[in-house]
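Just so we're on the same page: letters track the sequence lines, and every chain starts at 1.
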Protein chains: 2
Amino acid sequence: MSQSPSSQPAAAGGLRERNKREKLIRIRRAARQLFERKGFEGATAREICRRAGIGTGTLFLYVRDKRELLFLVFRDEARRLYREAASRVEDEMSLPVAMMCFFSAFIEFYARNPELSRVIAQELFFREHEPETMGALTLEFAGELAKLVEQEQRRARLRADVDTSTVVSACFAHYTFWVQCWLGAKMVSREEAERSLRQALELQLEGLSARGMRC
Amino acid sequence: MSQSPSSQPAAAGGLRERNKREKLIRIRRAARQLFERKGFEGATAREICRRAGIGTGTLFLYVRDKRELLFLVFRDEARRLYREAASRVEDEMSLPVAMMCFFSAFIEFYARNPELSRVIAQELFFREHEPETMGALTLEFAGELAKLVEQEQRRARLRADVDTSTVVSACFAHYTFWVQCWLGAKMVSREEAERSLRQALELQLEGLSARGMRC
DNA sequence: AACTAATACTGAACCTGTTCATAATTGATC
DNA sequence: GATCAATTATGAACAGGTTCAGTATTAGTT
């Protein structure tokens, strides 16, 4: 019950569903191509619709607004990115180095199209995400980082009296900060951002206090 | 030479200059009132122009785009905010507490109109600022924080082998992160953001490493 | 005061994201 | 297959930010 009526090809039955799914795919492809070719502002909603073979109004049955198209394009890519990054993490790596596997993967991706990435980052950090799509992605990413932290805690290389989530937040804060200095305010180059981020992660781990030093 | 021609009231001579200055003031007041009353999107450029007593095209001789109006409104306020905060800092305060004087002042301000502040923060962090206005303000703010850090370093309560600017960046990163979690992604309340920020600053100071602990 | 170059102002027109009344398509029922 | 309700698609119309060709104002010069 509550399955496909009777004898459909399993995946998803009706013509309705199939049409919608294919339309979404066409929209995603059209958006990706035009964003990459012309940037976010340069690609007009009308042109994306034309290329996707739909009416202008139809687009907004699939996304709330133009900016949401960014996520449609970005989502799969992002998941792929941190899956790859996770596989690159090795056991003997220190926490900052392991985390940099993840962060560098995204920085690398952003560097391929900084103008577009600026808008993506802006939306990522300033939008309320619906839990079932981007929200889930964020949690998944946070989960990957949490794994690294927990491992480090289990090995007693990290204070055990600090919540995992607190550590993850702190490290993520440095990441977002330097990405914004690079893509947003354009105060540093990509190399400087990456270097500063690595340094910030190391410093976060070591601490700033003069009390506990050198003992 | 290259001063006002001969016998002007010192400040700034010509009628042109005066008109322009007054127009800018009218624009700023109109923008502030309408932004506060109707929010950023709710206040149309045309209405701001009408209230400022200028033609619609004239607005864009004074600001590059509508979003720049936010800075026109925010700039004086921000300078006032951290001047006040600076006066509230006391000598015996720990670094995290002293820094929270500054950050809390801004958080307090943001809380008075979170919707508008969301857009302000977004622009603050994602825009290239012209050096003579917002860029200068940022530097000034960073300078205030740097003073606190230097003082702490002089008192040998802080590691001396880390650049002041590195410490400031790290702390500022936590600030922007939690502001964004609160205003942008709306993942935490104002209270949670403030509490998490304080905790992050303390943790940054203490460090995460298990090596140097309890000695 | 008259003339002129330079500067500042204007609002109609333009462009683009988004909405919505209307039309077309789908799937269920007989 | 015919009927019909529900869903989905459409593009003209709308709204708001921004531009620019034309107009007005200012300041310097005679």
Side-chain angles (χ1 to χ4, degrees), chain A residues 1-9 12-27 30-31 34-35 37-73 119 122-123 127, chain B residues 1-9 12-27 30-31 34-35 37-73 119 122-123 127:
Chain A
M1 62 209 216
S2 88
Q3 278 294 87
S4 51
S6 53
S7 59
Q8 296 295 351
L15 184 52
R16 280 234 145 101
E17 286 303 313
R18 199 162 58 82
N19 279 342
K20 275 175 69 176
R21 234 175 317 121
E22 282 173 0
K23 226 160 252 181
L24 188 63
I25 289 170
R26 292 210 307 276
I27 290 173
L34 286 172
F35 283 159
R37 199 165 305 165
K38 306 187 158 192
F40 180 74
E41 332 248 78
T44 71
R46 282 174 179 81
E47 196 176 359
I48 292 170
C49 291
R50 203 173 331 126
R51 179 174 280 255
I54 59 173
T56 44
T58 309
L59 179 60
F60 298 97
L61 299 173
Y62 288 82
V63 291
R64 197 183 356 218
D65 51 36
K66 188 188 171 189
R67 303 178 90 88
E68 202 173 289
L69 284 172
L70 288 170
F71 295 136
L72 211 59
V73 168
V119 193
Q122 197 171 7
E123 286 302 289
R127 204 181 171 101
Chain B
M1 63 211 211
S2 87
Q3 279 292 90
S4 52
S6 52
S7 60
Q8 296 294 349
L15 184 52
R16 279 233 146 101
E17 286 303 315
R18 199 162 58 81
N19 279 341
K20 275 175 70 174
R21 237 176 315 122
E22 281 172 3
K23 227 161 247 176
L24 187 63
I25 289 171
R26 293 209 307 276
I27 290 172
L34 286 172
F35 283 159
R37 201 166 300 165
K38 307 186 157 190
F40 180 74
E41 331 250 79
T44 70
R46 283 176 180 79
E47 196 177 357
I48 292 170
C49 292
R50 204 175 329 125
R51 178 174 280 257
I54 58 172
T56 43
T58 308
L59 179 60
F60 298 98
L61 299 173
Y62 288 82
V63 291
R64 198 184 354 221
D65 51 37
K66 188 188 171 189
R67 302 178 91 90
E68 203 173 288
L69 284 172
L70 287 170
F71 295 136
L72 212 58
V73 168
V119 193
Q122 197 171 8
E123 286 302 290
R127 201 179 172 105

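Applying the 3.5 Å distance criterion, the base of C/dT25 shares a donor-acceptor pair with the side chain of A/Arg16.
In this structure, B/Ile27 places its CD1 atom 12 Å from C1' of C/dA8, rounding to the nearest Å. Remark: C1' of D/dT26 and CZ of B/Arg18 are 12 Å apart, rounded to the nearest angstrom. The interatomic distance linking B/Ile54 (CD1) with C/dG11 (C1') rounds to 12 Å, in whole Å. For the pair B/Arg50 CZ and C/dA12 P, the computed distance is 13 Å after rounding to whole Å. Atom CZ of A/Arg21 and atom P of D/dT8 are 13 Å apart (whole Å). One can place CD of A/Glu22 at 15 Å from P of D/dT8, the figure rounded to the nearest angstrom.
Of the residues in residues 39-48 of chain B, those placing a heavy atom less than 4.0 Å from an atom of DNA chain C are B/Arg46, in numerical order. Against DNA chain D, the stretch residues 58-70 of chain B makes heavy-atom approaches under 4.0 Å through B/Phe60, B/Asp65, B/Lys66.
Note on B/Lys23: every side-chain N or O is 4.0 Å or more away from OP1 and OP2 of C/dA8. Contact check, A/Asn19 against C/dT25: no side-chain N or O comes under 4.0 Å of OP1 or OP2.
Under the salt bridge (Lys or Arg N to Asp or Glu O under 4.0 Å) criterion, A/Glu41 pairs with no residue at all, not counting sequence neighbours. Under the salt bridge (Lys or Arg N to Asp or Glu O under 4.0 Å) criterion, A/Lys20 pairs with no residue, sequence neighbours left out.
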Problem - Residue pair B/Glu22, B/Arg18: steps toward the salt bridge (Lys or Arg N to Asp or Glu O under 4.0 Å) verdict - result: CA-CA 6 Å; B/Glu22 281 172 3; B/Arg18 199 162 58 81; 3.3 Å; yes
Donor-acceptor list for residues 63-72 of chain B side chains, cut-off 3.5 Å, not counting sequence neighbours:
from    : atom 1 : to       : atom 2 : distance (Å)
B/Asp65 : OD1    : B/Arg67  : N      : 3.3
B/Asp65 : OD1    : B/Glu68  : N      : 3.1
B/Asp65 : OD1    : B/Arg127 : NH2    : 3.2
B/Asp65 : OD2    : B/Arg127 : NH2    : 3.4
B/Lys66 : NZ     : B/Phe40  : O      : 2.8
B/Lys66 : NZ     : B/Ala43  : O      : 2.9
B/Arg67 : NE     : B/Glu123 : OE2    : 2.6
B/Arg67 : NH2    : B/Glu123 : OE2    : 3.3

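Among residues at least two apart or in separate chains, side-chain hydrogen bond (donor to acceptor under 3.5 Å, both in side chains) pairs with a member in residues 48-63 of chain B are B/Gln33-B/Arg51.
Listed here is the closest heavy atom pair of B/Val73 and B/Ala31: CG2-CB, 4.0 Å. When all heavy atoms are compared, the tightest approach of B/Cys49 to B/Gly55 is SG-O, 3.8 Å.
Inter-residue side-chain proximity for B/Phe35 and B/Val119 is flagged as unmet; no heavy-atom pair is nearer than 4.5 Å.
Residue B/Leu61 holds its CG atom at 8.5 Å from CD1 of B/Ile54, rounded to the nearest 0.5 Å.
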